[in-house]
2 protein chains.
Amino acid sequence: MVEPPPGHELPLRLFAAFRAAVDAVHADLAAAGHPGLRPMHGFIFQAIGTQGTTAVELGARLGVTKQAAGKTIAALEQQGYVERAPDPADARRKAVRLTAKGLDVLDRSARTFDRVRAAWAAQIGPERLDALEADLAALAPGEPFRLDAPGWFSGS
Amino acid sequence: MVEPPPGHELPLRLFAAFRAAVDAVHADLAAAGHPGLRPMHGFIFQAIGTQGTTAVELGARLGVTKQAAGKTIAALEQQGYVERAPDPADARRKAVRLTAKGLDVLDRSARTFDRVRAAWAAQIGPERLDALEADLAALAPGEPFRLDAPGWFSGS
DNA sequence: CCATGATCGACAACCAGGTTTACTATATGG
DNA sequence: CCATATAGTAAACCTGGTTGTCGATCATGG
């Protein structure tokens with residue numbers, strides 16, 4: 001009977017591949033005038049999206065309190081990635097939208113992820129990459145868009 | 001021509017699978033009298049290992065400063081997971097070793113990771129799981145034991 | 001044998017991101 | 001019209017990390 005690999009190796013390889021893709025994105029972003037963005041910011045930008053959002057909604061998407069979301073928004077506003085405008089329909093709310101600079105991050109990220117995927121397909125073959133993706137979907141079913149990763153790792 | 005899936009889906013699925021495995025480990029740990037341990041602690045325990053280590057060495061393995069490693073060690077010592085003893089051969093050094101409680105964490109984690117792997121093999125078939133692992137090794141080559149994940153995500 | 005430099009661990013001050021608690025301002029529904 | 005719920009903000013605090021500094025202890029070259 002053949003010994004299977006130790007069980008911790010597969011999770012580490014999953015994480016290593018994830019990390020490789022994210023590192024590629026952030027290397028591109030850093031080279032394109034967006035230094036200082038961390039992997040967690042990718043989740044935040046995705047959570048804001050092209051539609052914009054509010055502090056409460058952003059907090060819910062990221063799995064943090066609205067106060068934490070508010071701090072994050074303030075920081076991104078400071079750096080010019082988002083802008084806030086009063087909601088004409090509800091004076092309590094403040095609409096948060098990505099600026100052109102913020103949209104550039106979203107756009108570049110998407111293109112780099114596509115580039116990484118194409119490189120991977122070329123490396124192991126598109127069929128095997130599709131099989132890999134299908135198997136992953138079977139092993140960890142459900143919505144892949146869980147944006148509450150910040151906080152999951154070190155969070156309370 | 002068939003549209004490939006958006007490139008960000010695969011990384012998210014990689015992360016989701018990693019997260020599922022780690023969550024299984026920490027659910028088991030929490031049920032076994034180790035509540036409050038976060039995913040990042042798994043990396044720390046692995047970095048300390050059965051051999052023990054020192055603050056400087058731990059910092060190097062985790063990719064953080066020795067001061068941060070020292071704080072982490074102090075916190076784990078407080079909770080009874082590690083103990084420090086003076087090194088008889090070098091009075092500057094303090095050997096850090098896992099206590100029985102700490103070794104229990106390491107042991108349980110390894111067994112749960114094995115259990116997860118077995119469950120995954122049963123679900124998609126051992127051949128496909130082996131293929132998945134081999135493909136991942138091809139895509140993100142190199143040492144899978146990169147323990148500097150804490151800090152990578154939100155770090156400086 | 002000892003002076004100099006490197007290394008180990010600790011302390012202090014600070015920062016980033018998160019939480020809890022508390023508060024104001026605005027909507028909304030009975 | 002008022003009671004209750006919701007959006008945003010603020011303050012105090014926690015954790016994990018950083019830089020800078022320091023004393024204590026090796027290690028090495030005169």
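So that the names make sense, note that chain A is the first sequence line, chain B the second, and so on, each numbered from 1.
Rounded to an integer number of Å, the gap from CD1 of Ile44(A) to P of dA16(C) is 14 Å. One interatomic measurement links the two molecules: CH2 of Trp152(B) to P of dT18(D), which rounds to 16 Å at whole-angstrom precision. Here dG16(D) presents its P atom at 16 Å from CZ of Phe43(B), a figure rounded to the nearest Å. Rounded to whole Å, the distance from CG on Leu62(B) to P on dT15(D) is 19 Å. Between Asp148(A) atom CG and dT19(C) atom P the separation is 11 Å, expressed in whole Å. Atom-to-atom, CG of Leu58(A) to C1' of dG8(D) comes out at 13 Å; the value is rounded to the nearest Å.
Within the structure, ring-ring contact (aromatic ring centres under 6.0 Å, His included) pairs that include any residue of residues 57-90 of chain B comprise His34(B)-Tyr81(B), Phe45(B)-Tyr81(B) (at least two apart or interchain). Listed by first and then second residue, the salt bridge (Lys or Arg N to Asp or Glu O under 4.0 Å) pairs that reach into residues 43-58 of chain B are Glu57(B)-Arg61(B), sequence neighbours excluded. Sorted by first then second residue, the ring-ring contact (aromatic ring centres under 6.0 Å, His included) pairs that include residues 48-72 of chain A, not counting sequence neighbours, number zero.
Residue contacts for Ala91(A): at a heavy-atom cut-off of 4.0 Å it reaches the sugar-phosphate backbone alone, with no base atom in range.
Sorted by residue number, the members of residues 72-79 of chain A with any non-hydrogen atom under 4.0 Å from DNA chain C read Thr72(A).
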B/S/- along nucleotides 5-13 of chain C (protein heavy atoms under 4.0 Å) is -BBBBBB-B
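For Ala17(A), the side-chain contact (heavy atoms from CB on, under 4.5 Å) partners at least two apart in sequence or on another chain are Trp120(A), Leu14(B), Leu136(B), Ala140(B). Among residues two or more places apart in sequence or in another chain, the side chain to side chain donor-acceptor pair (under 3.5 Å) test is passed with Glu77(A) by Arg84(A). The side-chain contact (heavy atoms from CB on, under 4.5 Å) search around Arg111(B) returns Asp107(B), Arg108(B), not counting sequence neighbours.
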Report all side-chain donor-acceptor pairs from residues 22-31 of chain B shorter than 3.5 Å, counting only partners two or more places apart or in another chain.
| unit_1 | atom_1 | unit_2 | atom_2 | d |
| --- | --- | --- | --- | --- |
| Asp23(B) | OD1 | Trp152(A) | NE1 | 2.9 |
| His26(B) | ND1 | Leu37(B) | O | 3.3 |
| Asp28(B) | OD2 | Thr112(B) | OG1 | 3.4 |

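In this pair, His8(A) and Phe113(B) present their aromatic rings perpendicular. The plane angle is above 60°, beyond the 30 to 60° band.
The local environment of CD in Glu127(B) is crowded, with over 12 non-hydrogen atoms from other residues, nucleotides or ligands closer than 6.0 Å.
Distances shorter than 4.0 Å separate none of the side-chain N or O atoms of Thr65(A) from OP1 or OP2 on dG18(C).
Both Val64(A) and Asp87(A) lie close to DNA chain C; mapped to their nearest nucleotides by heavy-atom distance, the more 5′-ward contact belongs to Val64(A).
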